[in-house]
Amino acid sequence: MRRLLLRDLALAFRAGGGGLTGLLFFLAVVAIVPFGIGPDVKLLARIGPAILWIGALLAALLGLDRLFQAEREDGTLDLLMMQETPLSLIVLVKCMAHWVSSGLILALSVPVFGLLLNLGPLAIGATMLTLFVGTPALTLIGAGAAAVTVALPRGGLLVSVLVLPLAIPVLIFGVSATQAAIEAPAAFLTPFLILIALNLLFAVLGPLAAATALRSLED
Amino acid sequence: MPLCLSVEGLAARRGDTLIFRDVSFSAGEGAVVIVTGANGSGKSTLLRIVAGLLRAEAGSIRVAGGDPQRPDAVDTRTETRRDLCHYLGHRNGLKTELTVFDNLAFWRSFATAPSRRHGLEIEAALEEVGLLALADLPVGVLSAGQQRRAALARLLVAWRPIWLLDEPTAALDAASDAMVSRMIARHAASAGIVLAATHLPLDLPQARALAMPGPPRREDVGGDDVVWLDAGQVDGPGAAP
C-alpha cells in the first residue's frame, strides 16, 4: 500500500502527470479575480477566502477524471481488481496520493496566493486550515464520479457535473468556517466540525462507491 | 485435493449478442490448455470471465483445492479466482513512466507473503525474460516486444497457480516465443495451470487445445420454434416459404 502511494505520487509529478496543473489553474483564478473586481482592496480582502475556496474546488476537480482512466488504459486496473487487498482500500490509497498532489499543495500555496487577494495573516491561516481539512472530501467524492465515468472517452466534464452537487456542502461549510474565524462573533467550531464530519463520511462512502462502480464495469 | 479448475456450460454475452455458449473444460495441476478460435470467437472474453473480470451469461466455474486451509472445498466465487489467477491481457499493466524494475517491484509488493516467497526475486525474473540489462530504463522507451517480456516477468515475481495468458507472444520475436514456451512448461511442471489464447505451436506433451465454438448460428439463438410470417399472418411453424 505504501508503494502504491509512492508510485502514484511519483507518477503525478512526472511529466504529463498533471500534479501541478491544478496549482497553475489555482494561480490563474486567483490572479484574474483582482482584475475583474477592480481596485477595491477592502472588498477583495472580504471575499478573498471565498475566492480561494472556489478556486481550490475547481482546481481539485481538474485531474480527477484521470484517477482511474490512466490505470484502465494501460491494463493496470484489471490487475488492481485481482489483488487480495480489498479494492476500496486501494481506491482510498489512490485518493490519498491524489489529495497530496492536489488539495495539500493548494492549501500550502495559500500563504503566497492570499497575498494577491490582500488577505491578512489570520485570514490566510484560517483558509489554509479549512482547505487542509476540506479538500480530502473533494477528492473522495471525485473518486466515485471518476469510477463511474472511467469507461467514457471524455468523462472529465461529467466528473465535474457529478461532483459539484456533493461538493457544495463542503464549500459552504469550508467558507463559513473561514469567515467565522476572521469575524469574531460567528462560531468557528460548528462549521469546522461539520467540515470534518463531511470528510469522514466521504472517506467511507467514496471508496466504497468507487469500488462498486469499478467492479460493475464490464469491458 | 490437488488444484483443479473446471468450467461447465459457460456462455458469454456482449450487449445483445451471444458470443459463445456451452464451453466446458477442466484442467488439473500441470495442465496446459491452448484456447484456439477465429477472431471474435470469444477467446479473450473466456479468459476475462475465468479471471473474474467479466460476468458469465450462464454456466459455472469451479476451483477445487484452491484454499490450503480447506483442501476439499470446491469454490465458485469470483473473488477466489481473482486471487488465484495471474491475468496477462492485451495491455501490459505497466506504467510507461516508471522503470522496469520499479514496475515489477510494485506488483511484487502487492502479493501476499506466501506468493512472494514462491515467486522469483525481481532480478531473477528479469534474467529469465532477458531484460536484466534494461532494468533501470523506463518501460516507455522499450520496444513493444521488450515491454511484453517485462509484462511476462510480472507473472514470475509473485506466484499464482493459474495463468491466464491472452496472446502472450504478441510482438515477440522467435527467440522470445521459445522463452514463453519454456516459461509455460516450467509453470505447468511446478503444479500450475496455464490457460493461453495463442497461435504459438507449443512443444508440450500435456498441451490440449480448446477450440472455441464460434458465434452460435441464428437458429440456435432463436430456439426451435421458428415462426414464419406470411402477409402478416402466422402461417404455422416449420418450413420456409
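Just so it is clear, the structure is predicted and the values come from calculations on it, not from any experiment. So that the names make sense, note that chain A is the first sequence line, chain B the second, and so on, each numbered from 1.
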If you count heavy-atom pairs under 4.5 Å between each of M81(A), R2(A), M82(A), E73(A) and chain B, which one has the most? M82(A)

Option that, when pairs with chain B are counted at under 4.5 Å, heavy atom only, ranks first among T85(A), I90(A), L4(A): L4(A)

Report which part of [X] has an atom under 4.5 Å of a heavy atom belonging to chain B: side chain, backbone, both, or neither.
{"X": "E71(A)", "answer": "both"}
{"X": "L6(A)", "answer": "neither"}
{"X": "L80(A)", "answer": "both"}

Give me the atom names and distance for the closest heavy-atom approach of [X] to [Y].
{"X": "R3(A)", "Y": "S109(B)", "result": "CD-OG, 3.2 Å"}
{"X": "Y87(B)", "Y": "L79(A)", "result": "O-CD2, 3.4 Å"}
{"X": "M1(A)", "Y": "F110(B)", "result": "CE-CE2, 3.4 Å"}
{"X": "E97(B)", "Y": "L11(A)", "result": "OE1-CD2, 3.6 Å"}
{"X": "Q83(A)", "Y": "D83(B)", "result": "O-OD1, 3.6 Å"}

Are there more than 12 heavy atoms of other residues, nucleotides or ligands under 6.0 Å from atom CZ of F132(A)? no

Looking only at R82(B), R154(B), R160(B), most heavy-atom pairs under 4.5 Å shared with chain A are made by R82(B)

Hey, which of A111(B), G93(B), G89(B), A51(B) has the most heavy atom pairs under 4.5 Å with chain A? G93(B)

Report the C-alpha separation of T76(A) and K95(B) in whole Å, then their side-chain angles, then the decisive distance to 0.1 Å, and conclude whether the side chain to side chain contact (heavy atoms under 4.5 Å, CB included) test is met. CA-CA 8 Å; T76(A) 310; K95(B) 290 286 168 200; 4.0 Å; yes

Against chain A, label L88(B) side chain, backbone, both or neither, depending on which of its atoms sit under 4.5 Å from a heavy atom there. neither

So which part of A105(B) gets closer than 4.5 Å to some heavy atom of chain A, the side chain, the backbone, both or neither? both

Between the side chains of R215(A) and E79(B), is the shortest nitrogen-to-carboxylate-oxygen separation below 4.0 Å, so that they form an ion pair? no

Which value, rounded to the nearest 0.5 Å, describes the distance between D74(A) atom CG and N92(B) atom CG? 9.0 Å

